[in-house]
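Here the structure is laid out as C-alpha coordinates; the discussion comes afterwards.
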2 protein chains.
Amino acid sequence: MDDTLIDIGEVARRSGLAASALRFYERKGLIRAEGRNGLRRAYRPETLERLALISCARDAGFTLSEIAEFLAARPSDERLRARMAAKEREVSQRVDQLTRLRDSLRHAVVCTHDPLVECPEFKQAVRRVPQG
Amino acid sequence: MDDTLIDIGEVARRSGLAASALRFYERKGLIRAEGRNGLRRAYRPETLERLALISCARDAGFTLSEIAEFLAARPSDERLRARMAAKEREVSQRVDQLTRLRDSLRHAVVCTHDPLVECPEFKQAVRRVPQG
DNA sequence: CCTTGACTTGAACCGCGCTTCAAGTCGCAG
DNA sequence: CTGCGACTTGAAGCGCGGTTCAAGTCAAGG
(Lines give C-alpha, C1' and ligand atoms only; values in the text may rest on other atoms or scores of the structure.)
Protein backbone atom coordinates (compact mmCIF):
# COMPACT_ATOMS: atom_id res chain seq x y z
CA MET A 1 0.00 0.00 0.00
CA ASP A 2 2.22 2.71 1.33
CA ASP A 3 5.79 1.97 0.39
CA THR A 4 7.14 4.41 2.97
CA LEU A 5 6.13 1.83 5.56
CA ILE A 6 8.58 -0.92 6.39
CA ASP A 7 7.98 -4.42 7.53
CA ILE A 8 9.04 -6.16 10.70
CA GLY A 9 11.99 -7.95 9.10
CA GLU A 10 13.52 -4.70 7.97
CA VAL A 11 12.88 -3.00 11.29
CA ALA A 12 14.56 -5.95 12.99
CA ARG A 13 17.55 -5.77 10.69
CA ARG A 14 17.96 -2.01 10.99
CA SER A 15 17.33 -1.78 14.72
CA GLY A 16 19.36 -4.80 15.67
CA LEU A 17 16.42 -6.17 17.66
CA ALA A 18 14.80 -9.56 17.04
CA ALA A 19 11.36 -9.57 15.42
CA SER A 20 10.11 -11.42 18.48
CA ALA A 21 11.33 -8.54 20.63
CA LEU A 22 9.45 -6.05 18.45
CA ARG A 23 6.20 -7.99 18.85
CA PHE A 24 6.90 -8.19 22.57
CA TYR A 25 7.39 -4.41 22.71
CA GLU A 26 4.11 -3.96 20.87
CA ARG A 27 2.27 -6.04 23.47
CA LYS A 28 3.87 -3.87 26.13
CA GLY A 29 2.70 -0.71 24.40
CA LEU A 30 6.17 0.60 23.56
CA ILE A 31 5.70 0.69 19.81
CA ARG A 32 2.89 0.12 17.34
CA ALA A 33 2.63 -0.65 13.66
CA GLU A 34 1.06 2.07 11.54
CA GLY A 35 -0.98 -0.56 9.71
CA ARG A 36 -0.97 -4.00 8.18
CA ASN A 37 -0.17 -5.36 4.79
CA GLY A 38 -2.38 -8.39 4.90
CA LEU A 39 -1.47 -9.80 8.30
CA ARG A 40 1.95 -8.22 8.26
CA ARG A 41 2.83 -5.27 10.41
CA ALA A 42 3.84 -2.12 8.55
CA TYR A 43 5.93 0.30 10.56
CA ARG A 44 6.67 3.98 10.05
CA PRO A 45 10.38 4.71 9.64
CA GLU A 46 10.30 6.91 12.76
CA THR A 47 9.85 3.69 14.68
CA LEU A 48 13.58 3.10 14.30
CA GLU A 49 14.35 6.29 16.15
CA ARG A 50 11.91 5.33 18.86
CA LEU A 51 13.53 1.91 19.15
CA ALA A 52 16.96 3.49 19.51
CA LEU A 53 15.60 5.55 22.39
CA ILE A 54 14.02 2.46 23.94
CA SER A 55 17.27 0.49 23.71
CA CYS A 56 19.16 3.37 25.23
CA ALA A 57 16.80 3.67 28.17
CA ARG A 58 16.68 -0.08 28.69
CA ASP A 59 20.48 -0.24 28.72
CA ALA A 60 20.39 2.53 31.28
CA GLY A 61 18.43 0.29 33.61
CA PHE A 62 14.89 1.50 32.97
CA THR A 63 12.25 -1.21 32.99
CA LEU A 64 10.08 -1.54 29.91
CA SER A 65 7.05 -0.25 31.79
CA GLU A 66 8.93 2.83 32.93
CA ILE A 67 9.94 3.41 29.32
CA ALA A 68 6.35 3.01 28.17
CA GLU A 69 5.26 5.64 30.68
CA PHE A 70 7.97 8.08 29.70
CA LEU A 71 7.28 7.64 26.00
CA ALA A 72 3.71 8.66 26.59
CA ALA A 73 4.67 11.70 28.68
CA ARG A 74 2.75 14.92 28.07
CA PRO A 75 4.13 18.22 29.39
CA SER A 76 1.07 18.65 31.60
CA ASP A 77 1.68 15.48 33.57
CA GLU A 78 3.30 16.87 36.69
CA ARG A 79 3.48 13.56 38.50
CA LEU A 80 5.38 12.00 35.65
CA ARG A 81 7.63 15.04 35.49
CA ALA A 82 8.46 14.50 39.14
CA ARG A 83 9.22 10.85 38.46
CA MET A 84 11.55 11.92 35.68
CA ALA A 85 13.31 14.31 38.02
CA ALA A 86 13.77 11.45 40.49
CA LYS A 87 15.05 9.26 37.70
CA GLU A 88 17.49 11.98 36.74
CA ARG A 89 18.99 11.96 40.24
CA GLU A 90 19.16 8.18 40.12
CA VAL A 91 20.95 8.25 36.79
CA SER A 92 23.37 10.88 38.11
CA GLN A 93 24.35 8.62 40.95
CA ARG A 94 24.80 5.72 38.60
CA VAL A 95 27.07 7.85 36.45
CA ASP A 96 29.21 8.63 39.49
CA GLN A 97 29.35 5.03 40.59
CA LEU A 98 30.09 3.74 37.13
CA THR A 99 32.83 6.31 36.76
CA ARG A 100 34.52 5.02 39.90
CA LEU A 101 34.07 1.46 38.73
CA ARG A 102 35.60 2.33 35.37
CA ASP A 103 38.60 3.88 37.12
CA SER A 104 39.00 0.78 39.27
CA LEU A 105 38.86 -1.48 36.25
CA ARG A 106 41.35 0.73 34.49
CA HIS A 107 43.67 0.28 37.42
CA ALA A 108 42.96 -3.45 37.71
CA VAL A 109 44.33 -3.98 34.25
CA VAL A 110 47.80 -2.91 35.40
CA CYS A 111 47.60 -3.85 39.09
CA THR A 112 49.86 -6.45 40.68
CA HIS A 113 47.88 -7.12 43.87
CA ASP A 114 47.12 -10.75 44.53
CA PRO A 115 44.23 -11.23 44.62
CA LEU A 116 43.23 -8.11 42.75
CA VAL A 117 40.24 -7.63 44.94
CA GLU A 118 42.53 -6.82 47.87
CA CYS A 119 44.01 -3.79 46.14
CA PRO A 120 43.06 -0.62 48.02
CA GLU A 121 43.13 1.39 44.82
CA PHE A 122 40.74 -1.08 43.22
CA LYS A 123 38.39 -0.71 46.15
CA GLN A 124 37.85 2.94 45.23
CA ALA A 125 34.95 1.65 43.18
CA VAL A 126 32.97 0.99 46.26
CA ARG A 127 33.76 4.26 48.02
CA ARG A 128 30.72 5.63 49.80
CA VAL A 129 29.01 8.39 47.97
CA PRO A 130 27.81 11.22 50.23
CA GLN A 131 24.00 11.00 50.55
CA GLY A 132 24.06 7.53 48.96
CA MET B 1 33.49 -19.46 69.43
CA ASP B 2 35.19 -16.55 67.75
CA ASP B 3 33.23 -13.44 68.58
CA THR B 4 34.88 -11.48 65.78
CA LEU B 5 32.71 -13.52 63.43
CA ILE B 6 29.21 -12.34 62.68
CA ASP B 7 26.15 -14.29 61.80
CA ILE B 8 24.00 -14.14 58.72
CA GLY B 9 21.31 -12.01 60.31
CA GLU B 10 23.78 -9.31 61.18
CA VAL B 11 25.44 -9.45 57.78
CA ALA B 12 22.02 -9.10 56.21
CA ARG B 13 21.15 -6.12 58.37
CA ARG B 14 24.45 -4.37 57.83
CA SER B 15 24.76 -5.07 54.11
CA GLY B 16 21.15 -4.38 53.27
CA LEU B 17 20.91 -7.75 51.50
CA ALA B 18 18.43 -10.47 52.40
CA ALA B 19 19.79 -13.55 54.15
CA SER B 20 18.41 -15.59 51.28
CA ALA B 21 20.50 -13.51 48.89
CA LEU B 22 23.61 -14.19 50.97
CA ARG B 23 23.03 -17.95 50.81
CA PHE B 24 22.41 -17.60 47.11
CA TYR B 25 25.71 -15.73 46.70
CA GLU B 26 27.45 -18.47 48.61
CA ARG B 27 26.10 -21.13 46.23
CA LYS B 28 27.37 -18.98 43.37
CA GLY B 29 30.81 -18.78 44.93
CA LEU B 30 30.75 -15.03 45.57
CA ILE B 31 31.19 -15.22 49.31
CA ARG B 32 31.83 -17.86 51.91
CA ALA B 33 31.40 -18.18 55.66
CA GLU B 34 34.60 -18.49 57.67
CA GLY B 35 33.03 -21.26 59.73
CA ARG B 36 29.92 -22.45 61.46
CA ASN B 37 28.48 -21.99 64.88
CA GLY B 38 26.51 -25.22 65.04
CA LEU B 39 24.73 -25.09 61.71
CA ARG B 40 24.88 -21.35 61.53
CA ARG B 41 27.18 -19.54 59.19
CA ALA B 42 29.80 -17.32 60.80
CA TYR B 43 31.17 -14.58 58.57
CA ARG B 44 34.30 -12.50 58.80
CA PRO B 45 33.59 -8.75 59.01
CA GLU B 46 35.54 -8.21 55.76
CA THR B 47 32.63 -9.95 54.07
CA LEU B 48 30.70 -6.69 54.36
CA GLU B 49 33.29 -4.90 52.27
CA ARG B 50 33.18 -7.67 49.72
CA LEU B 51 29.39 -7.47 49.59
CA ALA B 52 29.56 -3.72 49.00
CA LEU B 53 31.83 -4.40 46.05
CA ILE B 54 29.49 -7.09 44.76
CA SER B 55 26.47 -4.81 45.00
CA CYS B 56 28.36 -2.08 43.24
CA ALA B 57 29.37 -4.33 40.36
CA ARG B 58 25.92 -5.85 40.10
CA ASP B 59 24.33 -2.40 39.94
CA ALA B 60 26.82 -1.62 37.20
CA GLY B 61 25.36 -4.41 35.11
CA PHE B 62 27.85 -7.19 35.78
CA THR B 63 26.32 -10.64 36.05
CA LEU B 64 26.98 -12.60 39.22
CA SER B 65 29.22 -15.02 37.39
CA GLU B 66 31.32 -12.21 35.97
CA ILE B 67 31.65 -10.84 39.47
CA ALA B 68 32.68 -14.24 40.80
CA GLU B 69 35.41 -14.43 38.16
CA PHE B 70 36.69 -10.95 38.87
CA LEU B 71 36.70 -11.53 42.62
CA ALA B 72 38.96 -14.51 42.12
CA ALA B 73 41.32 -12.64 39.78
CA ARG B 74 45.07 -13.16 40.27
CA PRO B 75 47.53 -10.78 38.67
CA SER B 76 48.94 -13.60 36.57
CA ASP B 77 45.70 -14.30 34.79
CA GLU B 78 46.24 -12.48 31.52
CA ARG B 79 43.04 -13.65 29.92
CA LEU B 80 41.01 -12.28 32.78
CA ARG B 81 42.99 -9.07 32.65
CA ALA B 82 42.01 -8.72 29.01
CA ARG B 83 38.37 -9.33 29.90
CA MET B 84 38.63 -6.60 32.51
CA ALA B 85 40.09 -4.23 29.95
CA ALA B 86 37.17 -5.02 27.66
CA LYS B 87 34.78 -4.47 30.53
CA GLU B 88 36.43 -1.14 31.21
CA ARG B 89 35.70 0.00 27.66
CA GLU B 90 32.14 -1.20 28.00
CA VAL B 91 31.69 0.70 31.25
CA SER B 92 33.19 3.82 29.66
CA GLN B 93 30.60 3.72 26.93
CA ARG B 94 27.83 3.23 29.44
CA VAL B 95 29.08 6.25 31.35
CA ASP B 96 28.88 8.34 28.17
CA GLN B 97 25.45 7.08 27.31
CA LEU B 98 24.12 7.53 30.81
CA THR B 99 25.52 11.03 30.89
CA ARG B 100 23.56 11.91 27.76
CA LEU B 101 20.48 10.27 29.19
CA ARG B 102 20.85 12.23 32.40
CA ASP B 103 21.09 15.47 30.43
CA SER B 104 17.99 14.55 28.47
CA LEU B 105 16.06 13.78 31.64
CA ARG B 106 17.26 17.03 33.14
CA HIS B 107 15.85 18.81 30.13
CA ALA B 108 12.66 16.75 30.11
CA VAL B 109 11.79 18.04 33.54
CA VAL B 110 11.44 21.58 32.16
CA CYS B 111 10.49 20.81 28.55
CA THR B 112 7.16 21.83 27.03
CA HIS B 113 7.16 19.55 23.98
CA ASP B 114 4.05 17.43 23.57
CA PRO B 115 4.68 14.58 23.65
CA LEU B 116 8.02 14.94 25.36
CA VAL B 117 9.51 12.18 23.29
CA GLU B 118 9.27 14.42 20.21
CA CYS B 119 11.60 17.03 21.69
CA PRO B 120 14.82 17.21 19.65
CA GLU B 121 16.78 18.23 22.70
CA PHE B 122 15.46 15.21 24.56
CA LYS B 123 16.55 12.97 21.73
CA GLN B 124 20.16 13.88 22.42
CA ALA B 125 20.14 10.84 24.69
CA VAL B 126 20.15 8.57 21.75
CA ARG B 127 22.83 10.36 19.76
CA ARG B 128 25.11 7.89 18.05
CA VAL B 129 28.39 7.39 19.78
CA PRO B 130 31.40 7.10 17.43
CA GLN B 131 32.54 3.44 17.35
CA GLY B 132 29.34 2.38 19.18
C1' DC C 1 -1.58 -21.96 -10.02
C1' DC C 2 1.82 -23.38 -6.93
C1' DT C 3 5.63 -22.97 -4.13
C1' DT C 4 8.54 -20.49 -1.09
C1' DG C 5 9.53 -18.18 2.78
C1' DA C 6 8.67 -14.30 5.62
C1' DC C 7 5.22 -13.25 8.24
C1' DT C 8 1.02 -14.27 11.92
C1' DT C 9 -0.78 -16.11 16.60
C1' DG C 10 -0.80 -17.87 21.48
C1' DA C 11 1.48 -20.57 24.58
C1' DA C 12 5.33 -22.57 26.49
C1' DC C 13 9.89 -22.04 27.73
C1' DC C 14 14.43 -19.75 29.17
C1' DG C 15 18.24 -17.55 32.20
C1' DC C 16 18.93 -14.39 35.73
C1' DG C 17 18.65 -13.00 40.39
C1' DC C 18 16.63 -13.83 43.83
C1' DT C 19 12.40 -15.09 47.40
C1' DT C 20 9.41 -18.23 49.47
C1' DC C 21 8.15 -22.44 51.41
C1' DA C 22 8.19 -26.67 54.18
C1' DA C 23 10.39 -29.19 57.29
C1' DG C 24 13.88 -29.53 60.41
C1' DT C 25 17.98 -27.97 63.78
C1' DC C 26 19.87 -25.55 67.29
C1' DG C 27 21.60 -21.58 70.59
C1' DC C 28 20.15 -19.18 74.25
C1' DA C 29 16.92 -16.90 77.77
C1' DG C 30 14.05 -18.04 81.37
C1' DC D 1 14.33 -28.56 80.56
C1' DT D 2 11.46 -25.91 77.65
C1' DG D 3 10.38 -22.76 74.59
C1' DC D 4 11.27 -19.30 71.18
C1' DG D 5 13.02 -17.69 67.27
C1' DA D 6 16.74 -17.31 64.25
C1' DC D 7 18.98 -20.27 61.77
C1' DT D 8 19.50 -24.69 58.28
C1' DT D 9 18.31 -27.32 53.79
C1' DG D 10 16.50 -28.28 49.01
C1' DA D 11 13.00 -27.36 45.95
C1' DA D 12 9.70 -24.63 43.96
C1' DG D 13 8.14 -20.13 42.55
C1' DC D 14 8.46 -15.27 40.71
C1' DG D 15 9.14 -11.05 37.67
C1' DC D 16 11.62 -9.47 33.93
C1' DG D 17 12.82 -9.53 29.24
C1' DG D 18 12.60 -11.81 25.99
C1' DT D 19 12.99 -16.54 22.60
C1' DT D 20 11.12 -20.63 20.74
C1' DC D 21 7.66 -23.52 19.04
C1' DA D 22 3.67 -25.28 16.43
C1' DA D 23 0.37 -24.36 13.41
C1' DG D 24 -1.36 -21.36 10.21
C1' DT D 25 -1.66 -17.15 6.64
C1' DC D 26 -0.43 -14.79 2.78
C1' DA D 27 2.41 -11.84 -0.90
C1' DA D 28 5.27 -12.28 -4.52
C1' DG D 29 7.92 -14.75 -8.04
C1' DG D 30 8.30 -18.41 -11.46
Side-chain angles (χ1 to χ4, degrees), chain A residues 1-44 47 50-71 87 90 94, chain B residues 1-44 47 50-71 87 90 94:
Chain A
M1 289 263 140
D2 184 341
D3 59 2
T4 72
L5 297 182
I6 57 193
D7 107 349
I8 200 171
E10 193 173 348
V11 174
R13 213 170 22 73
R14 289 168 58 182
S15 69
L17 293 161
S20 60
L22 298 177
R23 289 186 209 104
F24 181 71
Y25 286 179
E26 185 174 322
R27 281 214 301 286
K28 294 285 177 174
L30 292 164
I31 58 171
R32 60 187 194 78
E34 183 64 16
R36 295 278 176 136
N37 188 5
L39 281 186
R40 301 177 184 203
R41 289 165 178 81
Y43 292 98
R44 291 170 47 194
T47 306
R50 195 181 176 90
L51 285 169
L53 184 56
I54 291 169
S55 294
C56 173
R58 190 207 42 195
D59 290 355
F62 288 67
T63 66
L64 295 186
S65 17
E66 279 174 333
I67 297 172
E69 269 191 287
F70 288 174
L71 285 178
K87 208 65 186 165
E90 218 176 276
R94 280 175 62 73
Chain B
M1 289 263 135
D2 185 341
D3 60 3
T4 73
L5 297 182
I6 58 194
D7 108 349
I8 201 172
E10 193 173 349
V11 175
R13 214 170 21 74
R14 289 169 57 182
S15 68
L17 293 161
S20 59
L22 298 177
R23 289 186 208 104
F24 180 71
Y25 286 179
E26 185 174 322
R27 281 213 300 287
K28 294 286 174 173
L30 291 163
I31 58 171
R32 61 187 191 78
E34 185 64 16
R36 295 278 176 137
N37 188 5
L39 281 186
R40 302 177 183 204
R41 288 164 178 82
Y43 293 98
R44 291 170 47 196
T47 305
R50 193 180 177 90
L51 285 169
L53 185 56
I54 291 170
S55 294
C56 173
R58 190 207 42 195
D59 290 354
F62 287 68
T63 66
L64 294 186
S65 19
E66 280 175 334
I67 296 172
E69 267 190 287
F70 288 174
L71 284 177
K87 208 66 186 164
E90 218 176 277
R94 281 174 60 72

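Proteins get letters first, then strands, A, B, ... in listed order; numbering begins at 1 in each.
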Output a table of donor-acceptor pairs, distance under 3.5 Å, between side-chain atoms of residues 51-60 of chain A and any protein atom two or more places apart or on a different chain; print 'none' if there are none.
unit_1  : atom_1 : unit_2  : atom_2 : d
A:Ser55 : OG     : A:Leu51 : O      : 3.1
A:Arg58 : NH1    : A:Tyr25 : OH     : 3.2

Check: Roughly, in whole Å, what's the span from CZ in B:Arg36 to P in D:dA6?
Finding: 18 Å

Checklist line | Neighbours of DNA chain D within residues 12-33 of chain B, by heavy-atom distance under 4.0 Å | finding: B:Arg23

Notebook entry, point to check: For B:Phe62, what residues pass the ring pair (Phe, Tyr, Trp, His ring centres under 6.0 Å) criterion, not counting sequence neighbours?
Noted result: B:Phe70

Notebook entry, point to check: Could you give the CD-to-C1' distance, from A:Glu66 to D:dG15, as a whole number of Å?
Noted result: 14 Å

Next item on the list: Supply the atom-to-atom distance A:Ile8 CD1 to A:Thr47 OG1, rounded to the nearest 0.5 angstrom.
Entry: 10.5 Å

Notebook entry, point to check: Residues two or more places apart in sequence or in another chain: which of them pass salt bridge (Lys or Arg N to Asp or Glu O under 4.0 Å) with B:Arg44?
Noted result: B:Glu34, B:Glu46

Next item on the list: Can you measure from CG (B:Asn37) to CD1 (B:Ile6) and round to the nearest 0.5 angstrom?
Entry: 13.0 Å

Checklist line | Value in whole Å for how far the C1' atom of D:dT9 lies from CD1 of B:Ile8 | finding: 12 Å

Next item on the list: Check salt bridge (Lys or Arg N to Asp or Glu O under 4.0 Å) between A:Arg13 and all other residues, then give those that pass, not counting sequence neighbours.
Entry: none

Notebook entry, point to check: So, is B:Arg58 near the phosphate of C:dC18, with a side-chain N or O under 4.0 Å from OP1 or OP2?
Noted result: yes

Next item on the list: Before accepting this row, confirm whether a basic side-chain N of the pair B:Lys87/B:Glu90 lies closer than 4.0 Å to the acidic partner's carboxylate O.
Entry: yes

Note to self: In this structure, how many angstroms lie between the P atom of C:dC26 and the CZ atom of B:Arg41, rounded?
What the structure shows: 14 Å

Next item on the list: Going 5' to 3' through nucleotides 23-30 of chain D, assign each nucleotide B (protein heavy atom under 4.0 Å from a base atom), S (under 4.0 Å only from sugar-phosphate atoms) or - (no protein heavy atom that close).
Entry: --SBS---

Item checked: Separation of A:Glu69 CD from A:Thr63 OG1 (nearest 0.5 Å) -> 8.0 Å

